[in-house]
Amino acid sequence: LALEATIQQDPTNAGAWHDLGIRQQENENDVAAIAALRQAVHNDPKHLDSWLALSVSYTNENAREDAYDALESWLYNNDKYTNITARQRSNGSRHDEVSGMYLAAVRQSTGELDADVQIGLGVLFNISDEYSKAVDCFHAALSTKPDDYLLWNKLGATLANSNQSDQAIEAYFRALEINPSYVRARYNLAISCIQMGSHKEAAEHLLGALSVQEANIESVMGDRKDMPDMGLHAVQSGTVWSTLKMVMDGHLRRHDLALACERRDLSAFKNDFDF
C-alpha cells in the first residue's frame, strides 16, 4: 500500500509517518516532511529516527531552535543517554548546551562509535557553520553506515557549504548510486553544477529530479485518487521548478523553456536535454 493509504488505515503508525516524512525529505519538501515527522514523534516519542530527521528538516528551514529541540529530544528519549540530558544544563548558549550533550554522548560511547550521535553532531556543526567539523562527523558515521544514501547527501551538502564542490559532487553521486530515485541528491548535484558554471548539466540534473518526482507521486499516493486530502501529498517540489526556471532564463537564455517551467511541462524539454 502507498504510505498515505497505510496511514489512513492506521493513523497511529509512527513508522509509516516517519517513512512518509523521509520520502518528503527525499523529494525536496521539508515543510511536508516536518508535518509527517512531528506526527510520528507525537504517536511515539521514542521513535528516535524521526527526531533526528526532524533536526535535519528544521535546519534546512532555518528553524534553529526547533532543530535544537529535536536533537535534545533524541537524547532524552534514547535510553542510552537520558542521564546526559539530566546533567548537562549550562548557562551558555543553546547551541553550546546541546553540543555539550552530544559530546558527552560521544565520550560515553567508548569502544563503539554511535553513528547517530555523529550525525547529530554533524547537524549541530552545520548550524554553527563549522563545516570541517561536520564533515569529520559525517565521515565517522559513514564508517559504520557506508550504504546510507541520506548520509552521503548530508556529507555532500556540507562539503558544498564549505566550497568543496568537486568533493560534494562525488558524495552526491555516491548517494545516487545507492538510491537513483533520491531527488534531493539530484537537486543538490544541480546546485553544485550551477556554482561551477556547468549550467546545461545542472539543468539535466534538475530535469532528472523532476522526472523522478513525477514517478514518485504514485508511490506515495498510490492509485487511490479519491483519497481525501491529508495535507501531506505534495510530493512535487516547487523549489526544483523555480531553480530550473532560473537556469533557463538567467543562464541558458531559453525563455521559451522558462515559460514551460511555469506550466510544469516536462515534455517541452525532451528534445534539448538528456534526462
Side-chain angles (χ1 to χ4, degrees), residues 18-19 21-30 33 37 49-50 52-57 59-60 112-127 129-216 219-220 235 237 239-240 243-244 247 273-275:
H18 165 266
D19 292 346
I22 294 299
R23 181 63 59 85
Q24 298 288 15
Q25 278 188 347
E26 291 175 4
N27 283 290
E28 196 62 28
N29 195 337
D30 279 302
L37 292 166
D49 288 346
S50 293
L52 212 52
L54 265 173
S55 74
V56 173
S57 282
T59 300
N60 290 340
E112 182 178 345
L113 184 141
D114 187 329
D116 288 341
V117 171
Q118 294 294 328
I119 292 169
L121 270 174
V123 173
L124 284 162
F125 287 135
N126 265 289
I127 292 173
D129 299 334
E130 297 175 273
Y131 299 122
S132 62
K133 292 181 181 179
V135 166
D136 289 343
C137 291
F138 292 144
H139 273 305
L142 282 165
S143 70
T144 65
K145 291 186 171 185
D147 295 325
D148 187 332
Y149 61 91
L150 297 170
L151 190 46
W152 279 106
N153 179 70
K154 290 180 181 70
L155 174 62
T158 305
L159 289 164
N161 286 337
S162 58
N163 298 314
Q164 299 179 68
S165 294
D166 288 343
Q167 293 182 50
I169 285 172
E170 290 179 14
Y172 295 141
F173 272 122
R174 180 67 185 119
L176 289 169
E177 285 175 11
I178 299 167
N179 182 3
S181 298
Y182 189 9
V183 167
R184 173 156 281 171
R186 290 181 183 274
Y187 177 78
N188 287 342
L189 189 53
I191 297 300
S192 288
C193 288
I194 292 170
Q195 292 170 343
M196 297 175 69
S198 303
H199 297 116
K200 184 173 183 182
E201 188 176 350
E204 288 176 342
H205 289 310
L206 291 167
L207 288 162
L210 289 166
S211 181
V212 171
Q213 279 187 330
E214 196 171 75
N216 281 352
S219 70
V220 174
V235 178
S237 166
T239 304
V240 184
T243 304
L244 180 62
V247 171
F273 296 91
D274 295 324
F275 63 98

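The basis for the numbers below is simple: all heavy atoms, side chains too, and nothing from hydrogens, waters or symmetry mates.
Between the side chains of Asp129 and Tyr131, at least one donor N or O sits under 3.5 Å from an acceptor N or O. In this structure, a donor-acceptor pair under 3.5 Å is absent between the side chains of Tyr187 and Thr239.
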Show me the donor-acceptor pairs, under 3.5 Å and distance only, between side chains in residues 112-123 and residues at least two apart or in other chains.
unit_1, atom_1, unit_2, atom_2, d
Asp114, OD1, Asp116, N, 3.0
Asp114, OD1, Val117, N, 3.4
Asp114, OD2, Lys80, NZ, 3.0
Asp114, OD2, Tyr81, OH, 2.8
Asp116, OD1, Lys145, NZ, 3.0

Run the side-chain donor-acceptor check on residues 153-162: report pairs under 3.5 Å with partners two or more places apart or on a different chain.
unit_1, atom_1, unit_2, atom_2, d
Asn153, OD1, Asn188, ND2, 2.9
Asn153, ND2, Tyr182, OH, 3.3
Thr158, OG1, Asn126, ND2, 3.0
Thr158, OG1, Lys154, O, 2.8
Asn161, ND2, Ala157, O, 3.3
Ser162, OG, Thr158, O, 3.2
Ser162, OG, Leu159, O, 2.9
Ser162, OG, Gln164, NE2, 3.0

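Partners of Ser165 according to the side-chain contact (heavy atoms from CB on, under 4.5 Å) rule, which considers only residues two or more places apart in sequence or in another chain, are Gln195, Met196.
The pair Glu26-Arg184 fails the salt-bridge criterion, with no side-chain N (NZ, NE, NH1 or NH2) lying under 4.0 Å from an Asp/Glu carboxylate O.
In this structure, Asn179 CG and Asp148 CG are separated by 10.5 Å, a value rounded to the nearest 0.5 Å. Distance check, rounded to the nearest 0.5 Å: CD1 of Ile178 to CG of Asp147 gives 5.0 Å. Here the OG atom belonging to Ser192 is positioned 4.5 Å from the OH atom belonging to Tyr172, to the nearest 0.5 angstrom. The structure places CG of Asn29 at 5.0 Å from CD of Gln24, a figure rounded to the nearest 0.5 Å. Atom-to-atom distance recorded for Leu189:CG and Arg186:CZ is 8.5 Å, nearest 0.5 angstrom. Between the CD atom of Gln213 and the CD atom of Glu28 there is a distance of 8.0 Å, given to the nearest 0.5 Å.
When side chains are defined from C-beta on, Ile22 counts as touching His18, because their heavy atoms get closer than 4.5 Å. Looking only at side-chain heavy atoms (C-beta outward), Asp30 and Gln25 come within less than 4.5 Å of each other. Here the side chains of Thr243 and Val240 are not in contact, with every heavy-atom distance at 4.5 Å or above. No side-chain heavy atom of Val56 sits under 4.5 Å from any side-chain heavy atom of Leu150.
Residues Gly21 and Leu37 approach most closely at CA-CG, 4.0 Å, considering heavy atoms. The shortest heavy-atom contact between His205 and Cys193 is CD2-SG, 3.8 Å.
Side chain of Ser55 to backbone of Leu52: a donor-acceptor contact under 3.5 angstrom is found. In this structure a side-chain-to-backbone donor-acceptor pair under 3.5 Å is missing from Trp152 to Phe173.
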